**Student:** 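Here's a structure for you.
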Amino acid sequence: MAEVIKIKKGLDINLKGKAEKRIEGDIFPVDFGIRPDDFEGVIPRLAVKPGDHVLIGSELFHDKEDLNLKVVSPVSGEVVAVNRGDRRKLLNVEIKSDGKFESAPFLKAVLSNLSPEQISECIFNAGFGAFIRRRPFDVIANSNEKPNRIFISAFDSAPLGADYSFTLAGQEKNLQTGIDALKKMTGAPIYVGVNAADAAPFNNLNDVVKTVFDGPHPAGNVGVQINHTAPINKGDVVWTISPVILAAIGKAFNEGVIDYSRIIALAGSEVIAPCYYKTIYGAKISALTNGKISNGVVRFISGNPLTGTQTTPEGYLGAFDNVISVIPETTEPEMFGWIMPRLKKFSTNKTYFSWLFGKKEYDIDTNVYGGERAIIVSNEYDKVFPMDIYPEYLIKAIIAQNIDKMIDLGVYEVAPEDFALCEFVDTSKLKLQKIVREGLNYLRKEEA
Amino acid sequence: MKALRNLFDKMRPSFEDGGKLHMFRSVFDGFETFLFVSPTASAQGTHIHDCMDSKRLMTFVIIALMPAMLFGMYNVGYQHFTLINQEASFFEMFFFGFLAVLPKIVVSYAVGLGIEFTVAQWKKEEIQEGFLVSGMIIPMIIPVTTPLWMLALATAFSVIFAKEVFGGTGYNIFNVALITRAFLFFSYPQAMTGDSIWVAEADGLTAATPLATPAAFDLNNSITGLIPGCIGETSVIAIAIGAVILLFTGVASWKTMVSVFIGGAITACLFNCVGSTAASQMPWYAHLCVGGFCFGAVFMATDPVTSARTETGKWIYGFLIGVIAICVRVMGGYPEGMMLAILAMNMFAPLIDYFVVDSNIKKRKNRTTK
């Protein structure tokens with residue numbers, strides 16, 4: 001019987017527009033775009049130019065330092081543009097799909113016949129390596145490092161997050177093959193954190209350390225799960241991988257094809273009928289949202305409203321995202337808003353009345369509701385931060401760029417997403433995720 | 001609302017850089033954000049935010065202060081008419097007190113906010129709301145006879161030297177309102193202690209506070225607050241209403257508040273057992289009811305910026321405030337120990353937190369060596 005860990009701190013933000021559990025159809029548009037920025041820590045070196053024909057699994061770019069770390073095309077077709085921004089920063093690679101979904105060859109083999117090196121080569125050549133993240137630093141893993149442990153969170157507890165039990169239903173065999181491949185490749189123990197409520201596709205996984213997590217968001221954050229099962233110590237390297245990619249790795253070994261399609265949720269209060277669609281990462285947002293959004297000023301987010309990236313209908317589905325959220329954009333000034341009862345607005349604070357309404361769903365807009373201040377309220381972050389870390393002190397150490405203190409306070413264990421809820425509840429309206437990301441990048445640079 | 005909004009939009013250009021009035025930009029911003037919550041959308045990070053902000057936080061502290069403030073005004077009138085032996089109606093008493101207290105509130109806000117606005121303009125920052133609370137607390141913790149010029153001087157001193165030099169709201173080490181009081185206490189002791197200061201405009205007549213004459217202690221009056229004392233500090237009931245507001249809304253920490261009372265009660269009990277002076281024989285519950293004990297415990301020990309910030313730290317911090325306050329009362333030369341106790345613990349709060357956080361650090365290090 002798996003160990004059950006109860007998470008007490010946290011917050012489930014009850015947003016309007018949760019996706020209904022039905023797959024409305026396949027949306028495989030013509031236009032795709034791959035953003036190097038999705039792959040944190042990768043410094044891209046292009047391998048294609050406009051006009052090149054690519055297959056699913058053809059390399060688009062690789063990391064400057066780690067040549068094996070490749071980002072590949074998720075569709076077959078033609079590279080139509082390579083867009084650059086300031087100082088020639090690579091913004092995205094645009095691909096026009098030919099609609100054939102031809103995969104580059106992948107070694108279909110029984111895993112037991114392959115050596116760890118062969119498996120690693122297969123995984124990294126097919127681009128799956130670019131989806132393995134590592135902590136410390138929460139960046140894309142290095143192809144030649146060996147992790148001490150691998151963690152997989154089998155559920156997404158974030159508001160509007162996709163339900164993996166639903167999107168990965170029927171993928172049990174692929175998930176198991178994915179586990180076996182990673183296990184053989186690295187020799188590291190694999191930890192799977194499953195939802196107490198529903199973990200159907202993960203129930204019968206073998207050769208993993210399974211832990212059941214019960215509680216509000218961020219119980220599904222892999223960082224929280226790591227902290228509660230086997231915290232990261234100095235010198236440790238921990239890999240984290242999404243079950244969606246795990247299933248894709250399994251499928252590649254089982255069937256010999258590279259398939260980056262995934263089932264995503266289209267959700268949020270501004271979506272007319274929120275539900276699930278099958279698509280491929282990098283797909284143009286407008287192809288997924290056209291005609292499905294209510295009128296009004298809205299914000300498109302690739303990902304959930306806490307950690308997602310702001311985008312537009314012209315943007316593309318992020319590589320790590322399983323949901324497109326559409327929420328109202330703030331437009332009107334509100335007279336004396338800060339003293340009003342604001343009965344329709346959500347707050348965790350009892351100076352508002354959300355606590356009276358129980359399980360009411362809210363359509364929260366993008367307003368920050370206040371100016372940036374120094375940290376005033378104490379214990380505010382701790383209430384939604386279920387890790388054995390003092391978040392406020394860690395944030396202060398990061399702002400002060402005090403490396404020793406950061407390390408002492410557990411910076412190796414965290415990722416920006418772990419601070420998303422803190423940022424949501426913060427009275428002082430600080431951009432905590434940005435602070436943590438910059439702190440991690442700074443530390444990584446200093447330690448390099 | 002639309003017209004007002006348009007007016008602000010029309011005025012904005014002259015306050016921006018290069019505009020004729022840009023030296024008042026922070027004031028303009030301050031008023032604008034006071035009137036309207038601007039539709040500032042999140043640009044980075046989380047796309048949604050809790051609608052709680054520092055304006056609402058401070059507002060709720062002020063709301064919580066109101067019962068004590070209103071009662072204080074009434075009590076000023078009550079004490080005055082009692083001392084001069086004149087009959088007066090409830091409204092006469094309240095109105096007398098209102099007129100006596102209002103100038104103090106005005107002066108405190110004018111001086112403090114004036115400095116805040118200037119500094120915000122100079123640092124090109126938004127005006128911070130912290131002083132809204134300090135500015136209300138300051139008139140409540142001084143005797144009603146304090147001259148306005150003293151109040152102005154003390155407020156200016158504490159806002160500049162206890163807050164702005166440290167970086168403004170959120171960075172100060174000491175509670176700003178208490179520094180104001182401490183400044184008055186040590187600079188103008190004759191205006192802050194003694195028997196003739198507690199009742200407005202009653203020259204020559206004296207009315208001692210119960211702390212000066214423990215034998216005169218009357219529990220009922222102390223709880224209702226109909227005793228001479230600082231303007232907002234006398235009524236346990238009014239302060240308790242404020243405490244309920246602060247605790248229910250979670251604006252103040254119940255751990256700090258409770259532990260101050262525990263610390264005070266235990267220390268007073270110990271003195272009851274071993275002491276022989278009048279002050280040490282004052283019953284423990286009396287200690288908690290009189291002077292600034294309640295007010296300090298509810299409104300000032302719980303100031304999140306200057307108190308301990310870790311949860312374990314709050315227990316220690318509050319407990320020691322209670323202990324020190326009673327020790328100063330019983331063993332020190334001053335009748336009132338709460339101010340000194342809180343200021344002393346403000347100083348030690350970072351140290352307490354340091355040890356609490358350090359235990360977490362040690363735990364993490366031990367994990368590696370295991």
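Bear in mind the structure is a predicted one, so any value in this text is a computation, not a measurement.
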**Student:** Tell me, for A/Ser325 versus chain B, whether the close heavy atoms (under 4.5 Å) come from the side chain, the backbone, both or neither.
**Tutor:**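 For A/Ser325, no heavy atom lies under 4.5 Å from chain B.
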**Student:** Looking only at heavy atoms, what is the nearest atom pair of B/His49 and A/Asn367, with distance?
**Tutor:**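 Looking at all heavy atoms of both residues, the shortest contact is CB-O, 3.7 Å.
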**Student:** May I ask you to check whether over 12 heavy atoms, not counting those of A/Lys234, lie within 6.0 Å of atom NZ?
**Tutor:**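 Not buried by this count: 12 neighbours or fewer within 6.0 Å.
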**Student:** If every non-hydrogen atom of A/Phe346 is compared with every non-hydrogen atom of B/Cys51, which pair is closest and at what distance?
**Tutor:**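 Answer, listing the atom of A/Phe346 first, then B/Cys51: O-SG, 3.3 Å.
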**Student:** Does A/Tyr352 have B/Arg56 sitting over its ring (NZ/CZ under 6.0 Å from centre, angle to axis within 45°)?
**Tutor:**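 Verdict for A/Tyr352: a cation-pi partner in B/Arg56.
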**Student:** Under a 4.0 Å threshold between the charged nitrogen and the carboxylate oxygen, would A/Asp388 count as salt-bridged to B/Arg364?
**Tutor:**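 No salt bridge links B/Arg364 with A/Asp388.
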**Student:** For chain A, which residues from residues 347-362 of chain B have at least one heavy atom closer than 4.5 Å to it?
**Tutor:**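 Checking residues 347-362 of chain B against chain A gives B/Asp353, B/Tyr354, B/Val356, B/Val357, B/Asn360, B/Ile361.
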**Student:** Whether A/Glu413 and B/Arg367 form a salt bridge (side-chain N of Lys/Arg under 4.0 Å from carboxylate O of Asp/Glu) is what I want to check.
**Tutor:**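 Counted as a salt bridge, because a side-chain N and a carboxylate O are separated by less than 4.0 Å.
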**Student:** Mind checking the CG-CG spacing from A/Asp426 to B/Asp53? Nearest 0.5 Å is all I need.
**Tutor:**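 Answer for the CG-CG pair, A/Asp426 versus B/Asp53, is 11.0 Å.
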**Student:** Who among A/Asn379, A/Asp236, A/Thr309, A/Ile364 has the most heavy-atom pairs with chain B under 4.5 Å?
**Tutor:**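 Among A/Asn379, A/Asp236, A/Thr309, A/Ile364, the one with the most close pairs to chain B is A/Asn379.
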**Student:** If you count heavy-atom pairs within less than 4.5 Å of chain B, which of A/Leu421, A/Asn349, A/Asp408 leads?
**Tutor:**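 Among the listed options, the one with the most contacts to chain B is A/Asp408.
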**Student:** So which of A/Gly410, A/Ser428, A/Ala420 has the biggest tally of heavy-atom pairs under 4.5 Å with chain B?
**Tutor:**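 Max contact count across the listed options: A/Gly410.
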**Student:** Between atom CZ of B/Arg309 and atom CD1 of A/Ile376, what is the distance when rounded to the nearest 0.5 Å?
**Tutor:**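 Those atoms lie 9.0 Å apart.
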**Student:** Is it true that atom CZ of B/Phe261 has more than 12 heavy atoms of other residues, nucleotides or ligands lying nearer than 6.0 Å?
**Tutor:**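 Enclosed.
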**Student:** Is chain A contacted by the side chain of B/Phe248, its backbone, both, or neither, given a heavy-atom distance below 4.5 Å?
**Tutor:**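 Both backbone and side chain.
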**Student:** Any chance you could measure B/Glu311, atom CD, to A/Tyr390, atom OH, to the nearest 0.5 Å?
**Tutor:**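 B/Glu311 atom CD to A/Tyr390 atom OH measures 8.5 Å (nearest 0.5 Å).
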**Student:** Could you look at A/Ile327 and say if it's the side chain, the backbone, both or neither that has a heavy atom under 4.5 Å from chain B?
**Tutor:**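 Contact with chain B is through the side chain of A/Ile327 alone.
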**Student:** Between B/His47 and A/Gly308 (side chain of the first, backbone of the second, donor and acceptor by atom type, cut-off under 3.5 Å), is there such a pair?
**Tutor:**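 Yes, B/His47 side chain to A/Gly308 backbone: donor-acceptor pair under 3.5 Å.
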**Student:** Roughly how far apart are A/Leu432 CG and B/Thr46 OG1, rounded to 0.5 Å?
**Tutor:**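 Spacing of CG (A/Leu432) from OG1 (B/Thr46) equals 8.5 Å.
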**Student:** What part of A/Glu380 gets closer than 4.5 Å to chain B, counting heavy atoms only: side chain, backbone, both or neither?
**Tutor:**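 Neither part.
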**Student:** Looking only at heavy atoms and a cut-off of under 4.5 Å, which of A/Glu392, A/Glu372, A/Lys345, A/Gln310 has the most pairs with chain B?
**Tutor:**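 Of the candidates given, the most pairs with chain B belong to A/Glu392.
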**Student:** Is any side-chain heavy atom of A/Phe424 less than 4.5 Å from a side-chain heavy atom of B/Ile48?
**Tutor:**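 A/Phe424 reaches B/Ile48 side chain to side chain.
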**Student:** A/Pro231 versus chain B, heavy atoms under 4.5 Å apart: side chain, backbone, both or neither?
**Tutor:**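 Contact with chain B: backbone and side chain both.
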**Student:** Can you give me the closest heavy-atom contact between A/Ser347 and B/Met52, atom names plus distance?
**Tutor:**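 For A/Ser347 versus B/Met52, the nearest heavy atoms are OG-CB, 4.0 Å.
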**Student:** With a cut-off of 6.0 Å (strictly less than), are more than 12 heavy atoms of other residues, nucleotides or ligands near NZ of A/Lys396?
**Tutor:**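 Atom NZ in A/Lys396 is packed in, count exceeds 12.
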**Student:** Other residues, nucleotides and ligands only: do more than 12 of their heavy atoms fall within 6.0 Å of NZ on B/Lys363?
**Tutor:**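 Atom NZ in B/Lys363 is not packed in, count stays at 12 or less.
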**Student:** Taking every heavy-atom pair that is under 4.5 Å apart, which of A/Val377, A/Ile407, A/Ile13 has the most such pairs with chain B?
**Tutor:**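 Ranked by contacts with chain B, first place is A/Val377.
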**Student:** Would you name the heavy atoms of B/Ile127 and A/Arg373 that are closest together and state the gap between them?
**Tutor:**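 Taking B/Ile127 first and A/Arg373 second, the nearest heavy atoms are O-NH2, 3.2 Å.
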**Student:** Checking A/Asp365 against chain B: side chain, backbone, both or neither under 4.5 Å from a heavy atom?
**Tutor:**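 Contact with chain B: backbone only.
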**Student:** Is it the case that over 12 heavy atoms from other parts of the model lie below 6.0 angstrom from the OH atom of A/Tyr362?
**Tutor:**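 Atom OH in A/Tyr362 is packed in, count exceeds 12.
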**Student:** Under 4.5 Å heavy-atom distance to chain B, tell me which part of A/Leu394 shows up: side chain, backbone, both or neither.
**Tutor:**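 No part of A/Leu394 comes within 4.5 Å of chain B.
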**Student:** Can you tell me which of B/Ile63, B/Thr249, B/Val305, B/Thr169 forms the most heavy-atom pairs within a distance under 4.5 Å of chain A?
**Tutor:**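 Looking at each option in turn, the highest pair count goes to B/Thr249.
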**Student:** In terms of heavy-atom pairs under 4.5 Å with chain B, which of A/Gln433, A/Arg299, A/Met340, A/Lys434 leads?
**Tutor:**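 Greatest number of close heavy-atom pairs with chain B: A/Arg299.
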**Student:** Which residue out of B/Pro304, B/Ser253, B/Ser42 racks up the most heavy-atom pairs below 4.5 Å with chain A?
**Tutor:**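 Looking at each of B/Pro304, B/Ser253, B/Ser42 in turn, B/Ser42 comes out on top.
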**Student:** Of the backbone (N, CA, C, O) and the side chain (C-beta and beyond), which part of A/Leu15 lies under 4.5 Å from a heavy atom of chain B, both, or neither?
**Tutor:**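 The answer is the side chain of A/Leu15.
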**Student:** Need one label for A/Glu329: side chain, backbone, both or neither, based on atoms under 4.5 Å from any heavy atom in chain B.
**Tutor:**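 Just the side chain, heavy atoms under 4.5 Å.
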**Student:** Provide the closest heavy-atom pair for B/Lys314 versus A/Ser378 in the form atom of the first, atom of the second, distance.
**Tutor:**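 Shortest heavy-atom separation between B/Lys314 and A/Ser378 comes out as NZ-OG, 3.0 Å.
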**Student:** Do other residues, nucleotides or ligands put more than 12 heavy atoms under 6.0 Å from A/Lys431 NZ?
**Tutor:**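 Count not over threshold, so no.
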**Student:** Do you know which two heavy atoms are closest between A/Val368 and B/Ala41, and how far apart they sit?
**Tutor:**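 Taking A/Val368 first and B/Ala41 second, the nearest heavy atoms are CG2-C, 3.7 Å.
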**Student:** Determine whether A/Thr351 and B/Thr59 make a side-chain contact, defined as any pair of heavy atoms from C-beta on separated by less than 4.5 Å.
**Tutor:**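 A side-chain contact under 4.5 Å is absent here.
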